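First comes the structure, then the notes that go with it.
Computed from a predicted model, the values in this text were never measured in an experiment. Within every chain, numbering begins at 1; the chains are lettered A, B, ... in the order of the sequence lines, protein sequences first and strands thereafter.
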Amino acid sequence: MTCSEFLALLDDLIDNEVNVATRTELEEHLHGCDHCEVTLNTTRKTIEIYRSHEIYDLPSDLRERLHAAIMERCKKGC
Amino acid sequence: MATIQPIAGENEQHPDIALVEKVRAGDISAYDELVRKYERQIFRISQHITQNREDAEDVMQDAFLKAYEKLDQFQGNSKFYTWLVRIAVNESLMRLRKRRTGKMVSIDEDVETEEGSVPRDLADWAPDPEQNYTQSEMNEILRKTIQGLPPGFRVVFELRDVQGLSTEETAEALGLSVPAVKSRLLRARLQLRERLSRYFKRKKGGEK
């Protein structure tokens with residue numbers, strides 16, 4: 001397996017959507033290829049970091065204000 | 001056992017459907033529950049597309065109002081949230097068009113970028129890259145990094161990887177094909193990885 005072939009299957013590997021035979025091939029490639037191992041690990045870490053940070057936080061006062069406005073309009077019939 | 005989640009059968013109704021039915025029967029508090037359940041996610045999607053806080057606030061409000069107004073059109077053959085995201089995405093795009101004085105803005109525009117097709121920066125990251133930054137510095141880095149991506153990439157990454165929607169649900173919410181979602185997701189992941197590497201890569205010679 002080449003690095004390009006590995007890269008084409010990177011998402012399926014991350015999302016756990018590869019069959020046993022393909023997984024074995026991917027793992028064999030990873031075993032001898034530091035570049036692809038780094039790519040896989042850091043891509044996984046990228047997802048994990050975005051998942052664990054609330055980058056656009058909604059402040060509670062704004063939430064309440066918008067919420068009240070929505071409810072007010074809906075009561076009147078939107 | 002409490003830890004084992006029941007597997008949703010085809011006939012099992014999503015809890016949102018019961019809430020939608022209550023709203024249709026005139027129970028406004030059920031809509032209140034739906035708004036509270038999804039307001040953060042809708043706000044984030046609006047931010048990802050509009051890249052503007054004021055616009056995102058307006059979009060969030062308009063999307064929930066429009067969803068209420070159109071509730072009769074919700075067929076129940078998709079998840080309520082998927083349907084809601086589609087409304088929010090359309091509202092966000094309309095807002096962008098206004099800001100760009102009528103210029104068409106589309107989520108399904110396939111952006112060909114050289115970047116991210118082949119990883120260039122292959123330096124490994126520090127074992128715990130987050131420890132070198134405060135929480136607010138981290139959020140700033142993450143915002144700056146994702147803002148550099150095309151809107152169609154940002155929103156696919158948000159729905160699939162942050163909010164955990166399936167590829168099919170993401171495709172439905174955005175009005176894209178499954179292969180288009182897959183292609184954008186791979187490029188979004190690789191481009192974000194590449195850009196974050198500038199901050200997180202392991203420094204040489206013991207530098208901090």
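- Taking the six-membered ring for Trp and thresholds of 30 and 60 degrees, B/Phe64 and B/Tyr31 have ring planes more than 60 degrees apart, a perpendicular arrangement.
- A/Arg65 and A/Glu72 are not joined by a salt bridge, as no carboxylate oxygen comes within less than 4.0 angstrom of a charged side-chain nitrogen.
- Your options are A/Thr42, A/Thr43, A/Leu66, and the one with the most heavy-atom pairs under 4.5 Å with chain B is A/Thr42.
- Here A/Leu58 is the residue among A/Asp34, A/Asn41, A/Asp15, A/Leu58 with the most heavy-atom pairs under 4.5 Å with chain B.
- With chain A as partner, the option from B/Leu192, B/Val35, B/Asp124, B/Asp32 having the largest number of non-hydrogen pairs under 4.5 angstrom is B/Asp32.
- For A/Glu5, there are no salt bridge (charged side-chain N to carboxylate O under 4.0 Å, His left out) partners, not counting sequence neighbours.
- With respect to chain A, the highest number of heavy-atom pairs below 4.5 Å among B/Leu185, B/Asp58, B/Asp62 belongs to B/Leu185.
- For A/Leu10, the part lying under 4.5 angstrom from a heavy atom of chain B is the side chain only.
- In this structure, B/Arg143 pairs ionically with B/Glu140, as a charged nitrogen and a carboxylate oxygen lie closer than 4.0 Å.
- Proximity to chain A (any heavy atom under 4.5 Å) is restricted, for B/Leu196, to the side chain, taken from C-beta onward.
- Below 4.5 Å, heavy atoms of chain A meet heavy atoms from B/Arg160, B/Asp161, B/Val162, all part of residues 158-171 of chain B.
- In summary, A/Lys45 and B/Glu130 engage in a salt bridge, as defined by a charged side-chain N under 4.0 Å from a carboxylate O.
- Residue A/Ile49 touches chain B through both its backbone and its side chain, counting heavy-atom pairs closer than 4.5 Å.
- Using a 4.5 Å heavy-atom cutoff, the side chains of B/Lys37 and B/Leu84 are not in contact.
- Applying a 4.5 Å heavy-atom cutoff, the residues of residues 40-47 of chain B that approach chain A are B/Arg40, B/Phe43, B/Arg44, B/Gln47.
- In this structure, chain B has a heavy atom under 4.5 Å from the side chain of A/His67, while its backbone stays farther away.
- Across every non-hydrogen atom of B/Ile146 and B/Arg154, the tightest pair is O-CD, 3.1 Å.
- At a threshold of 4.5 Å between non-hydrogen side-chain atoms, the residues A/Thr46 and B/Arg189 do not count as touching.
- B/Leu190 has its side chain within reach of A/Thr39: a pair of non-hydrogen atoms, C-beta onward, lies under 4.5 Å apart.
- Both the backbone and the side chain of A/Asp57 come within contact range of chain B, each with at least one heavy atom under 4.5 Å from a heavy atom of that chain.
- The two residues A/Pro59 and B/Arg53 make their nearest non-hydrogen contact at CD-NH2, 2.9 Å.
- More than 12 heavy atoms of other shown residues, nucleotides or ligands fall within 6.0 angstrom of atom CD in A/Glu64.
- Neither the backbone nor the side chain of A/Glu37 comes within contact range of chain B; no heavy atom of the residue lies under 4.5 Å from a heavy atom of that chain.
- With contacts defined as side-chain heavy-atom distances shorter than 4.5 Å, the pair B/Glu57/B/Gln61 does not qualify.
- A perpendicular orientation is assigned to the rings of B/Trp125 and B/Phe200, their planes being inclined by more than 60° (bins at 30° and 60°).
- Remark: B/Lys144 pairs with no residue by the salt bridge (charged side-chain N to carboxylate O under 4.0 Å, His left out) rule, at least two apart or across chains.
- Of the atoms belonging to B/Phe157, it is side-chain heavy atoms, and not backbone ones, that fall under 4.5 Å from chain A.
- Formation of a donor-acceptor pair under 3.5 Å by the B/Arg187 side chain with backbone atoms of B/Phe153 is not found in this model.
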